[in-house]
Amino acid sequence: MASISEKMVEALNEQINAEIYSAYLYLSMAAYFDSIGLKGFANWMRVQWQEELTHAMRLYDYVVERGGRVKLYAIEEPPSEWESPLTAFEHTYEHEVNVTKRIHELVELAMSEKDYATYNMLQWFVAEQVEEEANASEIVDKLRLIGDDGRGLLMLDTELGARRFVPEQEDQTQ
Ligand code: FEO
């Protein structure tokens, strides 16, 4: 197999940074939800934080496997306050749409470089982003329905509190 190009490695390193930023953003949202007593929402965000770190490591391991050099860049400071649970989840959804755009740009780069192995590896991320957007969008819809109903919010908090992180080796769908 042809060695991976410097350009591709650099783009993947930038995506490692973006995934770690996503983890940081969601951990900051977990802290926001903890600060307003919504432990279930905070749990959901903690699971998301763990998932994002596995996304970063999936790319890290791939770069190493291809003989590229992983480089870690500074992680941007995430926001720490949101107006409401709804604005936090709207932010989550917009963020994921943005990540999808980045993944699609990586796919286009892999295609233009005729780097079929990277193209193939990225297909996992293409599918994952469909799920990421759908998950966030579903919670945005629920929060819009709930509006100012405190009971509805507490019921959703209980639902989100049930989410558990599933390590990759135990999740055969990944
Ligand atoms: Fe790593 Fe939320 O996409």
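Whatever order the structure lists them in is the order used to number ligands and atoms, beginning at 1.
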Audit row: Trp44, Phe165, ring pair (Phe, Tyr, Trp, His ring centres under 6.0 Å) steps and yes/no
CA-CA 9 Å; Trp44 194 96; Phe165 174 66; over 10 Å; no
Just to be careful: counting only protein atoms that are N, O or S, how many fall under 2.8 Å of atom 2 (Fe) of ligand 1?
4
Which residues pass the side-chain contact (heavy atoms from CB on, under 4.5 Å) test with Lys7, sequence neighbours left out?
Ser5, Leu109, Glu113
If a pair satisfies salt bridge (Lys or Arg N to Asp or Glu O under 4.0 Å) and one of its residues is in residues 155-166, list it, with sequence neighbours excluded.
Glu51-Arg163, Lys142-Glu159
Flag, side chain of Asn43 to backbone of Gly161, donor-acceptor distance under 3.5 Å:
yes
Grab the two heavy atoms, one from Tyr32 and one from Glu83, that are nearest each other, plus how far apart they are.
OH-C, 3.9 Å
What pairs with Arg144 under salt bridge (charged side-chain N to carboxylate O under 4.0 Å, His left out), at least two apart in sequence or on another chain?
Glu90
